[in-house]
S.K.: 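For reference, the structure I am asking about is given below.
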Number of protein chains: 2
Amino acid sequence: MPTIKDVALRAGVSVTTVSRVLNNRGYLSEELKKKVYHAMDELHYRPNELARSLSRSKSNLIGLIVPNAANPFFGELISHIEEYAYNQGYRLLLCNSLLDRKKEAEYIDMLRSSRVDGIILGSHTLEVEDYRHIHLPVVTFDRQISDDIPYISSDNYRGGELATTLLADKGCRKIAHIGGHPHPDLLALKRLDAFKAVAMKRGIAHIEIHTDVDVFHYPQYGPLTARLLEEHPDIDGIFASSDMIAAYALKVCREHGRKIPGDIRIVGYDGVKLTDLFSPSLTTVAQPIPDMARRAVDLIIRQMQGGQVEMEHVFPVELVEGGTA
Amino acid sequence: MPTIKDVALRAGVSVTTVSRVLNNRGYLSEELKKKVYHAMDELHYRPNELARSLSRSKSNLIGLIVPNAANPFFGELISHIEEYAYNQGYRLLLCNSLLDRKKEAEYIDMLRSSRVDGIILGSHTLEVEDYRHIHLPVVTFDRQISDDIPYISSDNYRGGELATTLLADKGCRKIAHIGGHPHPDLLALKRLDAFKAVAMKRGIAHIEIHTDVDVFHYPQYGPLTARLLEEHPDIDGIFASSDMIAAYALKVCREHGRKIPGDIRIVGYDGVKLTDLFSPSLTTVAQPIPDMARRAVDLIIRQMQGGQVEMEHVFPVELVEGGTA
DNA sequence: CTGAAAGCGCTAACAG
DNA sequence: CTGTTAGCGCTTTCAG
């Protein structure tokens, strides 16, 4: 593979000059540029980013840790983050933590070794302390790790209000919230808070059920919903903490002979593309995923440049009325 | 950030020695190792992978280009590839081509600049010629680019047979195949071939419809299916070329008042996790995604090591009977 | 405006 | 068995 030296030789200039045209620094006559570019083309030259990164001590790499790329929500997030990062001149190093503490810690180490310029955390199973030692631009999704690490989230409380209010307005008398384990650090918990508050205010019976630990292990939501229906046959509204959970709830309700939305109304959360693939489409509280993805990348870049950044980035949600509520 | 030099100084040895314990090369007394490890710990030392990669001219990076990480099939693929690659000591550089020729070409250039050790192509919109110049271990999914680039696919023809035979066995009299644009290079075309062959043999009326270009632009499958139902109201079986397409077909059929599987039977392809999230679960031809992911990584590694590899890697498919057929 | 040379952090001959 | 030293390919002072 040709190096900058080969190009210099071929173009009859010094490596410094080649480097200059490569980075377009300082004055360079058109003629000179042409000559160098020509040599590059002839040799099929591709600058070695490893060497550049090493020498500049800047890799233009962003690490992204998510629980699982196979999850539709994270799939969309990844897709948008990658796209925007690429447009800003950054490459993406992707990691699936599978919500495993040890693996997540390893990944963080690995990313530091890789000298990424920053880390976007969509998964954060570790303790606050573990994150303080990263010493790198970081931004998290849906968790406030410390007051010097910016976070991005949707307006969870508002989302919970929208969903629950919709159920109430549609006349539900007994509603349930289904979600993952309510870890106190998770901002998604606010969806539940709002659910309770609205139900209370509207004088509606409400119950909450959740998984033990792994929020993203979907098969468990089937039995969970089934149990809900058996123990509370009079349930007529469900607020699921994600669209995937809503989909499972929808399925199980139907299998139990309930008409949706006739007997039971269901509202999801996230607004992933997949929602309109169901029949009827899922009614859901949509997060502006592309905007959030973009913000994540921007925050990494701004921190990298030493800029001061806001710590809270709460994005507005929107109720998308499908046919399940 | 501490360097190997700092560690050497702190441990009272040379950098060579530190490098040796880092790579566990040659004989090293336990005592010496301890000393070095201790120094590393004290300094919170993390070897700089950029420097290592540069010096060894091996990055332990694998580039993965997919059409879109938000697509459930690719989401699962990415997830498995990442997991296996990581276990083998490789990191993943992810790219979304969005099926855009120019972008894909740019990504390939970028990955070469990044000195990835190999490229896994889940997206391949370019001409054969463009790929011959990569000069790097490559493996593709579902497309045979040339006879020296290994490819991975499911047994498309067999899958098409399974799906179509199922429809025939269930008594369908007029069936349709819905898929993306049938690009001749795409191995997925064999699903269609099998569909036609089986339908012919069983004496069943059959038609095929497909999108114009972008296979992964799902919204278009709605209208496409709607048109199908209007022009051929007597359709009683659909073989969709992916689970996502099947999901859209399911939805549209229902919206047109058809009972599934009573009036129309639907079979998908891929076997993504999402299939059992529908009610009823989608009947589909499942590909062994984890095995295929693993093979992709193995093939990159083996080629990298200069090993000779088979060119064809066709994986068995399995009919998964959900409730739509 | 251009080039020589030092250095980014690590590896690997090659000596000792 | 351990250390010296010359790269890996590029950037960036610092002279000229």
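Letters A, B, ... mirror the listed sequences (proteins, then strands); counts begin at 1.
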S.K.: Determine, for B:E106 against B:K103, whether the closest basic-nitrogen to carboxylate-oxygen distance falls under 4.0 angstrom.
M.R.: no
S.K.: Below the 4.0 Å mark, does D:dC8 have OP1 or OP2 next to a side-chain nitrogen or oxygen of A:N48?
M.R.: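 A:N48 to D:dC8 OP1/OP2: no side-chain N or O under 4.0 Å.
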S.K.: For A:M1 and D:dC8, give me the distance from atom CE to atom P, rounded to whole Å.
M.R.: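 The distance from CE of A:M1 to P of D:dC8 comes to 15 Å, rounded to the nearest Å.
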S.K.: Report, as yes or no, whether the 6.0 Å neighbourhood of atom NZ on B:K58 holds more than 12 heavy atoms from other residues, nucleotides or ligands.
M.R.: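 Correct, the count exceeds 12.
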S.K.: Are B:H124 and B:D185 close enough, and set up right, to give a side chain to side chain contact (heavy atoms under 4.5 Å, CB included), and what steps lead you there?
M.R.: CA-CA 10 Å; B:H124 21 53; B:D185 283 2; over 6 Å; no
S.K.: Roughly how many Å is it from CZ in B:R52 to C1' in D:dG9, rounded to a whole number?
M.R.: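 It is 19 Å, rounded to the nearest whole Å.
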S.K.: May I have the distance from B:I4 (atom CD1) to C:dA12 (atom P), rounded to whole angstrom?
M.R.: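 Those two atoms, CD1 and P, are 11 Å apart.
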S.K.: Could you tell me how far apart A:R112 (CZ) and C:dG9 (P) are, to the nearest whole angstrom?
M.R.: 14 Å
S.K.: Could you pick out which residue, B:G12 or A:V15, lies toward the 5' side of DNA chain D when each is mapped onto its nearest nucleotide?
M.R.: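 On the 5' side of the pair lies B:G12.
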S.K.: For A:L54 and D:dT11, give me the distance from atom CG to atom P, rounded to whole Å.
M.R.: 11 Å
S.K.: So, B:D117 side chain and B:S59 main chain: donor-acceptor pair closer than 3.5 Å or not?
M.R.: yes
S.K.: Give the rounded distance in Å between these two atoms: CZ of A:R25 and P of D:dT13.
M.R.: 9 Å
S.K.: Among residues 55-62 of chain B, which ones have heavy-atom contacts with DNA chain D below 4.0 Å?
M.R.: B:S55
S.K.: How long is the line joining CZ of B:R46 and C1' of C:dC8, in whole Å?
M.R.: 20 Å
S.K.: So what does B:T17 touch, heavy atoms closer than 4.0 Å: a base, only the sugar-phosphate, or nothing?
M.R.: sugar-phosphate
S.K.: Under 3.5 Å, is there an N or O donor on one side and an acceptor on the other linking the side chain of A:R20 and the base of C:dG3?
M.R.: yes
S.K.: Would you indicate what B:L32 reaches in the nucleic acid, counting non-hydrogen atoms under 4.0 angstrom: base, sugar-phosphate, or nothing?
M.R.: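 Touches sugar-phosphate only.
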S.K.: To the nearest Å, give me how far apart CZ (A:R115) and P (C:dC10) are.
M.R.: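 It is 7 Å, rounded to the nearest whole Å.
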S.K.: Before you tell me yes or no, could you show the steps for B:N23 and B:R56 under side chain to side chain contact (heavy atoms under 4.5 Å, CB included), namely the whole-Å CA-CA distance, both residues' side-chain angles and the distance that decides it to 0.1 Å?
M.R.: CA-CA 12 Å; B:N23 299 288; B:R56 301 197 276 230; 3.5 Å; yes
S.K.: B:S14 side chain N/O closer than 4.0 Å to the phosphate oxygens (OP1, OP2) of D:dT2?
M.R.: no
S.K.: Under 4.0 Å between a side-chain nitrogen and a carboxylate oxygen: does that hold for B:E30 and B:K33?
M.R.: yes
S.K.: Identify which one of B:L299, B:L187, B:L121 satisfies the side-chain contact (heavy atoms from CB on, under 4.5 Å) criterion when paired with B:T140.
M.R.: B:L121
S.K.: Between A:S19 and D:dT11, is there a contact of a side-chain N or O with OP1 or OP2 at under 4.0 Å?
M.R.: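 So the side-chain polar atoms of A:S19 do come within 4.0 Å of the phosphate oxygens OP1 or OP2 of D:dT11, strictly under.
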